[in-house]
Number of protein chains: 2
Amino acid sequence: MTLDERKQKILQALIKDYISSAEPVGSRTIAKKYDLGVSPATIRNEMADLEDLGYIEQPHTSAGRIPSDRGYRYYVDCLMKKKRLTEEEQKTILSKYKIKVRDIGNVLQVTNNIMSNITNYTSIVLGPQFNQSNLRHVQLVPLDNDKALVVVVTDNGMVQTKMIDLPQTINDIDLQKISQIMNAKLQGLSLEDIKLTLIKEIYSELSKHKHIFNAAIDLIQETLNLNHEDKVYLAGTLNILNQPEFRDIKKVKTLLSLLEQEKVLMEILSDKCTPEEGINVKIGGENTVEGLQNCSTITATYQIDGRVIGSVGVIGPTRMDYEKAVTIVEFMTQHLSLMMRDFYR
Amino acid sequence: MTLDERKQKILQALIKDYISSAEPVGSRTIAKKYDLGVSPATIRNEMADLEDLGYIEQPHTSAGRIPSDRGYRYYVDCLMKKKRLTEEEQKTILSKYKIKVRDIGNVLQVTNNIMSNITNYTSIVLGPQFNQSNLRHVQLVPLDNDKALVVVVTDNGMVQTKMIDLPQTINDIDLQKISQIMNAKLQGLSLEDIKLTLIKEIYSELSKHKHIFNAAIDLIQETLNLNHEDKVYLAGTLNILNQPEFRDIKKVKTLLSLLEQEKVLMEILSDKCTPEEGINVKIGGENTVEGLQNCSTITATYQIDGRVIGSVGVIGPTRMDYEKAVTIVEFMTQHLSLMMRDFYR
DNA sequence: TTTAGCACTCGACTAGTTAGAGTGCTAACA
DNA sequence: TGTTAGCACTCTAACTAGTCGAGTGCTAAA
């Protein structure tokens with residue numbers, strides 16, 4: 001469905017005005033502020049048409065109009081022009097990454113904070129998911145006589161450790177030997193491979209040290225299973241308190257409760273009705289998550305070598321500055337992809 | 001300052017009523033609900049006295065009275081009788097600890113959740129602080145030809161790892177040797193000791209592998225410096241949204257912003273005007289943290305072998321159920337102390 | 001097709017009124 | 001002397017009109 005030019009202009013003006021004012025917009029306001037060369041009466045007629053078509057609606061008879069979900073959708077798809085950040089803005093953003101980075105988590109957190117600060121909405125970041133990680137190294141490190149540390153390293157750089165008790169009968173050389181055997185047999189394998197075949201084989205070789213071997217295998221399984229940064233970062237939750245649509249404490253509570261649940265955040269980020277690549281905008285009722293019908297979400301993925309490994313998103317009221325939010329989200333994912341490549345080489 | 005019995009009874013009744021209703025309490029209500037054997041008129045006289053003494057106040061002429069900070073203080077110090085949890089309640093709480101505990105963090109989180117759930121206020125937990133931790137073990141684990149993992153273990157069970165690049169010239173045996181030397185020289189030492197004396201000594205022995213040695217020392221320093229669970233856990237922040245005193249979105253924002261800052265949480269927990277042991281109740285204006293004047297905090301410490309290593313607290317409106325909150329906080333710290341002892345043996 | 005004019009609608013605001021809760025004071029009572 | 005009943009008084013919350021202004025839809029003229 002395409003609208004004639006004047007209707008488009010009116011719709012655009014209305015949405016723009018509503019986004020910044022949060023008040024229903026009347027025909028007069030549009031005629032005055034936006035130079036369309038026609039009188040309020042004409043605009044009224046056009047607005048009546050737009051309402052019939054479902055792009056805008058009227059809260060009550062004597063109020064102005066506000067965009068409907070459908071109106072926003074049309075705006076996002078057809079009217080909004082994508083901006084690029086200016087050099088200036090890019091610099092400001094990139095300067096915030098100049099911190100001591102201990103692990104990838106820091107990078108994600110900084111990213112998250114930048115997004116929520118600039119957009120003034122809530123933002124979420126999902127850490128990289130490697131659907132298959134393989135065992136790179138396993139090592140038993142003797143600590144005291146009766147304790148050792150199992151260290152497991154995966155090929156995507158994740159390290160996990162676990163303390164275990166040792167039986168008296170074992171010495172450092174045994175531990176070294178066990179490590180060697182496990183590495184020889186298991187290195188490079190995925191969780192499935194490890195489970196499937198080799199356990200028994202090693203079992204016989206290491207039958208004497210069943211206890212230790214079991215502990216090590218446990219940790220290996222746990223580590224390979226644990227999807228690394230399977231963690232969702234959340235930032236700027238309090239920003240919603242600035243939005244006039246959340247003046248009602250009940251609404252605040254509903255939304256904040258939702259955002260507390262990792263499951264929900266995952267759902268927001270992974271809900272892929274549109275292609276995996278590019279920006280994904282969900283407006284109001286388009287959100288499948290119950291209770292998010294007054295919000296819009298803008299999500300996008302970041303990649304390594306074209307492979308999607310994680311995603312980020314922004315959550316705001318339906319009356320959201322889509323132009324700005326989309327621009328930021330796009331820039332952030334692009335930059336994240338670059339940084340990921342550097343990080344994992 | 002001590003009050004006569006009838007005044008005490010009236011104050012107690014008033015506070016009790018106000019805690020549960022959040023509405024100013026009138027003389028009539030007290031006479032009807034609480035069987036004091038006197039008429040509302042008498043109670044009015046007594047209440048006028050109590051107001052003169054500063055224990056209660058009147059929001060406006062034709063309203064009932066509400067307790068002042070001073071009134072709450074008197075209640076907490078003199079009128080409130082400490083309860084113990086019933087066997088039943090204790091069981092319910094303890095059953096929640098039956099989860100797979102990977103590290104101490106889980107325990108603290110569960111504790112926090114229990115507290116906020118039962119009290120219906122916000123609760124915070126500060127992880128154990130060991131003011132001095134010593135190096136238990138350091139190990140270089142070869143991964144590939146050009147990478148190794150530095151593993152550092154402290155005597156209170158904290159493990160940190162870091163990936164380093166290796167020069168071509170080094171082999172596994174070298175790494176093993178370096179580990180041995182470092183352990184021989186540094187094991188059991190504190191950060192200060194390590195800094196002070198031995199660096200040079202080892203340096204000469206390991207001059208060939210300066211690069212690796214430096215990386216290891218870096219991690220050791222970082223690890224010993226990092227105060228283990230130097231982390232504050234926060235739970236039940238949304239509970240404040242149920243409190244009628246936070247119907248105003250601005251107040252919500254102020255408080256939630258405060259609670260977002262770790263620094264503030266630390267301040268709440270570590271603000272020791274009263275002795276370290278036992279329960280510490282701060283009512284309204286007694287809180288030194290700016291913006292917390294409408295809240296009360298109840299904090300307490302947990303210990304190992306009588307040594308204070310961490311603290312927990314509950315934050316709620318001044319109109320708080322002190323009896324319940326104190327009981328819970330006390331129980332939780334006692335139980336935490338027990339669990340810590342088991343955990344760190 | 002556009003526009004000016006006009007009657008109409010509805011929410012926001014204001015002012016006035018009422019009902020009710022609670023107080024303080026006074027005088028009577030035990 | 002302490003307690004109580006009675007009463008006048010105060011103040012807020014809730015309700016009711018009444019007014020204003022923003023905005024609309026419709027009609028008729030340009």
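Note: hydrogens, waters and symmetry copies are ignored here, and every other heavy atom, side chains too, is used. Just so we're on the same page: letters track the sequence lines, and every chain starts at 1.
- The CG-C1' distance, from B:L50 to C:dG22, rounds to 16 Å in whole Å.
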At under 4.0 Å between heavy atoms, how does the protein contact nucleotides 24-29 of chain D? Give one character per nucleotide, 5' to 3', with B, S or -. BB----
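- If you measure from atom CD1 of B:I66 to atom P of C:dG22, you get 14 Å, rounded to the nearest angstrom.
- Using a 4.0 Å heavy-atom distance criterion, B:T42 is classed as a base contact.
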Could you please spell out the steps behind the side-chain contact (heavy atoms from CB on, under 4.5 Å) verdict for B:L259 and B:L234? CA-CA 8 Å; B:L259 295 181; B:L234 185 63; 4.3 Å; yes
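- Separating the CD atom of A:E23 from the P atom of D:dG21 is a distance of 18 Å, rounded to the nearest angstrom.
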Before giving the answer on side-chain contact (heavy atoms from CB on, under 4.5 Å), spell out for B:K82 and B:E323 the whole-Å C-alpha distance, their side-chain angles and the decisive distance to 0.1 Å. CA-CA 7 Å; B:K82 269 193 190 167; B:E323 209 167 279; over 6 Å; no
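- If you take NE2 of A:H60 and C1' of D:dA22, they are 9 Å apart, rounded to a whole angstrom.
- One interatomic measurement links the two molecules: CD1 of A:I30 to P of D:dA22, which rounds to 16 Å at whole-angstrom precision.
- Rounded to whole Å, the distance from CG on B:L14 to P on C:dG22 is 11 Å.
- Look at CD1 on A:I43: it is 17 Å from P on D:dA22, rounded to the nearest Å.
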Test side-chain contact (heavy atoms from CB on, under 4.5 Å) on A:T299 and A:V329; report intermediate values, then the result. CA-CA 7 Å; A:T299 57; A:V329 169; over 6 Å; no
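- The salt bridge (Lys or Arg N to Asp or Glu O under 4.0 Å) test applied to B:D321 returns no partner, not counting sequence neighbours.
- At whole-Å resolution of the value, NZ in B:K7 and C1' in D:dG2 are 12 Å apart.
- Put simply, CG on A:D77 and CZ on A:R73 are 4.5 Å apart, with the number rounded to the nearest 0.5 Å.
- For the pair A:N287 (side chain) and A:C295 (backbone), a donor-acceptor distance under 3.5 Å is present.
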